[in-house]
Amino acid sequence: MISNLAYGHPDAKLGENVTVEPFAYIAGDVVIGDDCWIGPGAVVLDGARMGKGCKIHTSAVIAGVPQDLKFKGEYTTVEMGDYNTVRESATINRGTAAKGKTVEGSNNLIMAYAHVAHDCEVGSNCVIVNNVSLAGEVEVGDWAIIGGHAAVHQFVRIGEHAMIGGGTLLTKDVPPYVKVARYPATFVGANFLGLRRRGFTPEQIGTVQDMFRIIFQEGRLYGKACDLVMEQFPQSRERDLVVEFIRSSKRGIIKPFNPN
């Protein structure tokens, strides 16, 4: 159903059972999958590619022009998976020549007034809470949660199942399974509650906590700590994911645990 009070460009490609509420705007170079809902006053601009079952709420803007002075009008896109919810006044900008697209997986919740900048890559099952700002080319792994009013610097990577505390100013990479808070951003523990909710076994969670004790709590340089983890722990996805993430970091890793 497309309201008579909405604008939909005739070239836009809409799937089956799409609802477009009054005063929504849909540009021409747009693809919207089946069963999507475009709320009143929502704006879907050229370059938007949306999977099925997505919900775009009032005043949200999908595929806005990048807020990047290097952008010269090149053709770029926003590519969203299925069943994403973008709440009121949130914005997702399309890519630049750097990557050509901004990517969002499936089953994500982008809360009100959050901003996902150009060329970001957001995984699936993530929660980006109210007023979070992701700068350009940020990478967010699956199942990550970013607390309200957090600001993430350009090029930062956030590993899967990480939990970022509200109000955090994040300028360094956050490995998978980590909880981070304070300023400057500091390791505060393993995200054991999130892992438990997502079906990780007690043994897997124990392994993560033991690894983090070596990496973040015993005062070693991260490179040396990773070597020790590789020596002391048998091969597992958790071990390899954490070590590879830390070793491949270009911006550096968040600060270790500080009891003060």
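Side-chain atoms are counted along with the backbone in the values below, which use heavy atoms only and exclude waters and symmetry mates. For reference, positions follow the sequence shown, starting with 1. From a predicted model like this one, the values you see are computed outputs, not experimental measurements.
- Although no hydrogens or angles enter the test, the distance criterion places a donor-acceptor pair under 3.5 Å between the side chain of Ser3 and the main chain of Leu5.
- Annotation: the span from Asp142 atom CG to Glu160 atom CD amounts to 6.0 Å, rounded to 0.5 Å.
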Please table the atom pairs, donor to acceptor, closer than 3.5 Å between any side-chain atom in residues 202-219 and protein atoms at least two apart or in another chain.
{"unit_1": "Gln204", "atom_1": "OE1", "unit_2": "Thr201", "atom_2": "N", "d": "2.9"}
{"unit_1": "Gln204", "atom_1": "OE1", "unit_2": "Thr201", "atom_2": "OG1", "d": "3.4"}
{"unit_1": "Gln204", "atom_1": "NE2", "unit_2": "Glu238", "atom_2": "OE2", "d": "3.2"}
{"unit_1": "Thr207", "atom_1": "OG1", "unit_2": "Glu203", "atom_2": "O", "d": "3.0"}
{"unit_1": "Asp210", "atom_1": "OD1", "unit_2": "Arg213", "atom_2": "NH1", "d": "2.8"}
{"unit_1": "Glu218", "atom_1": "OE1", "unit_2": "Arg220", "atom_2": "NH1", "d": "2.3"}
{"unit_1": "Glu218", "atom_1": "OE1", "unit_2": "Arg220", "atom_2": "NH2", "d": "3.4"}

inquiry  = Could you walk me through whether Trp37 and Glu21 satisfy the side-chain contact (heavy atoms from CB on, under 4.5 Å) test, starting with their C-alpha distance in whole Å, then the side-chain angles of each, then the deciding distance to 0.1 Å, before giving a yes or no?
reply    = CA-CA 8 Å; Trp37 177 79; Glu21 301 287 5; 2.8 Å; yes

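- Using modelled atom types and a 3.5 Å distance limit, the side chains of Asn93 and His118 yield no donor-acceptor pair.
- For the residue pair Asp35 / Asn17, a side-chain donor-acceptor distance below 3.5 Å is found, with atom types taken as modelled.
- For the residue pair Asp119 / Thr96, a side-chain donor-acceptor distance below 3.5 Å is found, with atom types taken as modelled.
- In this pair, Phe257 and Phe187 present their aromatic rings perpendicular. The plane angle is above 60°, beyond the 30 to 60° band.
- Other residues, nucleotides and ligands contribute over 12 non-hydrogen atoms within 6.0 Å of the NZ atom of Lys99.
- The line from CG of Asn130 to CZ of Arg87 is 9.0 Å long, rounded to the nearest 0.5 Å.
- Side-chain atoms of Ser249 and Asp173 include a donor-acceptor pair closer than 3.5 Å.
- Side-chain atoms of Asp46 come within 3.5 Å of backbone atoms of Asp29 as a donor-acceptor pair (strictly under, hydrogens ignored).
- Once rounded to the nearest 0.5 Å, the distance linking CG of Leu14 with OG1 of Thr19 reads 10.0 Å.
- Every side-chain hydrogen bond (donor to acceptor under 3.5 Å, both in side chains) that Arg94 has, sequence neighbours left out, goes to Thr76.
- Put simply, Val61 and Val86 are part of two different groups of oily side chains (I, L, V, M, F, W, Y) that touch within less than 4.5 Å, one to the next.
- Around the CD atom of Gln235, the shell of radius 6.0 Å holds more than 12 heavy atoms that belong to other residues, nucleotides or ligands.
- Here the CZ-CG distance, from Arg198 to Leu193, works out to 8.5 Å after rounding to the nearest 0.5 Å.
- To the nearest 0.5 Å, atom SG of residue Cys54 and atom CE of residue Met80 are 4.5 Å apart.
- Atom NZ of Lys55 sits about 15.0 Å away from atom CD1 of Ile110, to the nearest 0.5 Å.
- Between the side chains of His115 and Ser133, not a single donor N or O lies within less than 3.5 Å of an accepting N or O.
- Put simply, the side chain of Arg49 does not reach to within 4.5 Å of the side chain of Ile32, judged on heavy atoms.
- More than 12 non-hydrogen atoms from other residues, nucleotides or ligands lie less than 6.0 angstrom from CD of Gln232.
- Here the side chain of Asp34 pairs no donor or acceptor atom with the backbone of Lys52 at under 3.5 angstrom.
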inquiry  = For His161 and Phe200: C-alpha separation, side-chain torsions, deciding distance, then whether ring pair (Phe, Tyr, Trp, His ring centres under 6.0 Å) applies.
reply    = CA-CA 11 Å; His161 298 280; Phe200 281 67; 5.1 Å; yes

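- Scanning all heavy atoms of the two residues, the minimum distance from Gly95 to Pro66 falls at O-CG, 3.2 Å.
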